[in-house]
Amino acid sequence: MIGGRLTAALVALGVLAAGCGGTAAPAASPPASAPPAAGAAGGPAGAVWTSGLNENGQLGRPGPAKDPNLAPVGLEGVRAVAGGGRHSLAVKGDGTVVAWGANDHGQLGDGTTRDSRVPVPVLAPDGQDGHLGDVVAVSANTDFSMALRRDGTVVTWGVGASGQRGTGDRESPLYPTTVKSPDGERPLSGITAIAADGRTELALRRNGQVLAWGANTFGMVGDGTREDRALPVPVRGLYGAGRLNGVVRVAVGGQHGLALLNDGRVAAWGHNDLGQLGDGTRQDRLTPTLVSGVEGEGHLGGVIALAAAEKNNYALRKDGTVVAWGNNTAGQLGDGTLTLRTSPVHVVDEDGDGKLRGAAQVFAGEAYGAAILTDGTPLTWGAGGSGQLGSGRRAARSRPGKVATSLGGAPGKSVSAGAGERHLILLVAPRTP
């Protein structure tokens, strides 16, 4: 998800109670059928494979500046991955974090501003000795990184000019810092999920409420104002009433936020110039509004996971289908067209003859998407000029297609992924004898 962006990033980052969330499990748990959230260390371990743009070493391996073929990084036993604008993160089996790629803003968290083409350990927060540990989820976007620790605290590193470090100021030390509570007096705690935009960040509390901080030009903090926030503040409720409650997943795109409610509906707020809020309009919203149903009918429901990009979003439904809305200039909605959509439409199958079915996870990069099917098959669609689709070709496609290594075929069953701005990270299960 990504700013020129991710989401992330990627993505909504949930924490499972079993094994990775500790006591920081959401009071309102995701549906039983929900997949592990993107960036969360709740699934099986795997090996890291990458494709796409490599100008700053974000692929973590040798190769051309733009590589459309997936190849291994040499990292195994990894529990979660996340892609930023020009850098990558991985959570190792022991809960430590490694990073590689661009580091001009300290987004690798190693105390330097030197790019690294190989994974380097992230330092412990707040100037402590050693390395960052006990991490259960990561998220990254643009020149910014964020981690959720087992004790429910949140650590950030990278740029901070908009208050996105969440420390109460706009400084950007070259080591990770701990996000503070809304009153600025203590570390923020009780967090069960995170989502990084790089300028505006989200955190889900154990009680189902959402906090946000950072840039707020278009209302992406969701507090009813356009004032930047250097400390977390509560996101307001639907249409501005009270506080947003009953949330089980969060995601954040370039200048908008998303929240999955415990009844399967989706709330959105922030910038809406290209229909990325999915409410049938192109009007910005300073507080959450409900995403419309498919083709604008009613409200979207039955959702179990979210992914947000700069100007478009994906929602995975409990029937294994995926819907998308927002900008579509590179076919990133996966509906076989290049048509902008202000309300959700179905991502189609590889042949374009019907809906994509059997999806278990979904991810969003800048103008491209990825899904992992229930059998571990990864599919990608959208912008591909930098090789970020991992298809073996530097070309866009408007509907899902398979990925490939330099030898042809997929590297194996995928268990998770991270979508950087223009690079793809796959977490691949070990091959069984």
Side-chain angles (χ1 to χ4, degrees), residues 1 3 5-14 26 28 139 141 144 146 154 156 162-164 166 179 181-182 188 191-205 207-262 265-279 281-292 299-300 303 306-313 315 325-326:
M1 177 263 68
R5 279 184 304 197
L6 171 33
T7 126
L10 148 38
V11 22
L13 298 175
S139 186
N141 210 329
F144 179 87
M146 181 158 57
V154 178
T156 59
S162 298
Q164 60 265 60
V179 176
S181 59
L188 180 65
I191 301 303
T192 63
I194 56 174
D197 157 59
R199 293 185 178 93
T200 308
E201 325 312 331
L202 301 182
L204 176 62
R205 307 188 85 163
N207 63 4
Q209 294 181 350
V210 181
L211 297 173
W213 63 93
N216 198 23
T217 306
F218 298 99
M220 49 276 207
V221 167
D223 65 345
T225 78
R226 295 180 185 269
E227 298 176 20
D228 291 358
R229 303 292 185 180
L231 288 170
V233 296
V235 173
R236 296 183 67 175
L238 289 172
Y239 312 109
R243 295 184 179 183
L244 191 61
N245 286 293
V247 176
V248 296
R249 293 280 176 90
V250 289
V252 62
Q255 295 160 333
H256 68 283
L258 298 178
L260 173 58
L261 307 182
N262 55 13
R265 296 181 300 167
V266 178
W269 62 94
H271 205 19
N272 197 25
D273 58 327
L274 296 176
Q276 57 265 48
L277 299 191
D279 65 349
T281 78
R282 295 173 70 169
Q283 177 182 341
D284 293 356
R285 307 287 183 180
L286 303 186
T287 57
T289 184
L290 286 173
V291 173
S292 300
H299 294 130
L300 184 62
V303 175
L306 298 170
E310 183 182 13
K311 299 289 185 180
N312 70 281
N313 307 289
W325 61 95

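What you see is a predicted model, and the numbers here were worked out from it, not measured in a lab.
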Please check if any side-chain donor atom of Gln276 sits under 3.5 Å from a side-chain acceptor atom of Asn312, or the reverse.
no

Do Leu231 and Pro182 have side-chain heavy atoms sitting under 4.5 Å apart?
no

Least distance between heavy atoms, Ala307 atom then Leu258 atom
O-CD1, 4.4 Å

Expected output: side-chain Asn141 to main-chain Gly198 donor-acceptor under 3.5 Å
no

For a quick test of reading the model, state the closest non-hydrogen atom pair linking Leu290 to Asp279 and the distance between them.
O-CB, 3.8 Å

Tell me every residue that passes side chain to side chain contact (heavy atoms under 4.5 Å, CB included) with Ser181, counting only those two or more places apart in sequence or in another chain.
Asp183, Arg186

Donor-acceptor check, side chain of Asn216 to backbone of Thr225, threshold 3.5 angstrom: yes or no?
yes

Beyond-backbone contact of Ile191 with Arg205, side-chain heavy atoms, under 4.5 angstrom:
yes

According to the salt bridge (charged side-chain N to carboxylate O under 4.0 Å, His left out) rule, which pairs have a member within residues 226-242, sequence neighbours left out?
Asp223-Arg229, Glu227-Arg229

What are the two closest heavy atoms between Gly275 and Arg282, and how far apart are they?
N-CG, 4.0 Å

Suppose we screen for side chain to side chain contact (heavy atoms under 4.5 Å, CB included). Which residues come up paired with Ala212, at least two apart in sequence or across chains?
Leu202, Val221, Val235

Please name the pair of heavy atoms, one in Gly219 and one in Trp269, separated by the smallest distance, quoted to 0.1 Å.
O-CD1, 3.5 Å

For residues 218-245, which residue pairs qualify under ring-ring contact (aromatic ring centres under 6.0 Å, His included), counting only residues two or more places apart or in two chains?
Phe218-His271

Pairs involving residues 209-219, ordered by first then second residue, that meet salt bridge (charged side-chain N to carboxylate O under 4.0 Å, His left out) (sequence neighbours left out)
none

Interatomic spacing from NE2 in His256 to CG in Asn313 - rounded to 0.5 Å
3.5 Å

Donor-acceptor pair, distance only, cut-off 3.5 Å: does the side chain of Asp197 make one with the backbone of Ala195?
no

For Trp213, run the side chain to side chain contact (heavy atoms under 4.5 Å, CB included) check against Val179, Thr200, Val233 and tell me which one passes.
Val179

Where Arg249 and Leu204 come nearest, the two heavy atoms and their spacing:
N-CD2, 4.0 Å

With a 4.5 Å cut-off on side-chain heavy atoms, are Leu261 and Val247 touching?
yes

Kindly say whether Ala215 contributes a backbone atom to a donor-acceptor pair with the side chain of Ser162 at under 3.5 angstrom?
no

Atom of Gly237, atom of Pro288 and distance for their closest heavy-atom approach
O-CD, 3.5 Å

With distance as the sole test, does Asn272 use its side chain to make a donor-acceptor pair with the main-chain N or O of Leu277 at under 3.5 Å?
yes

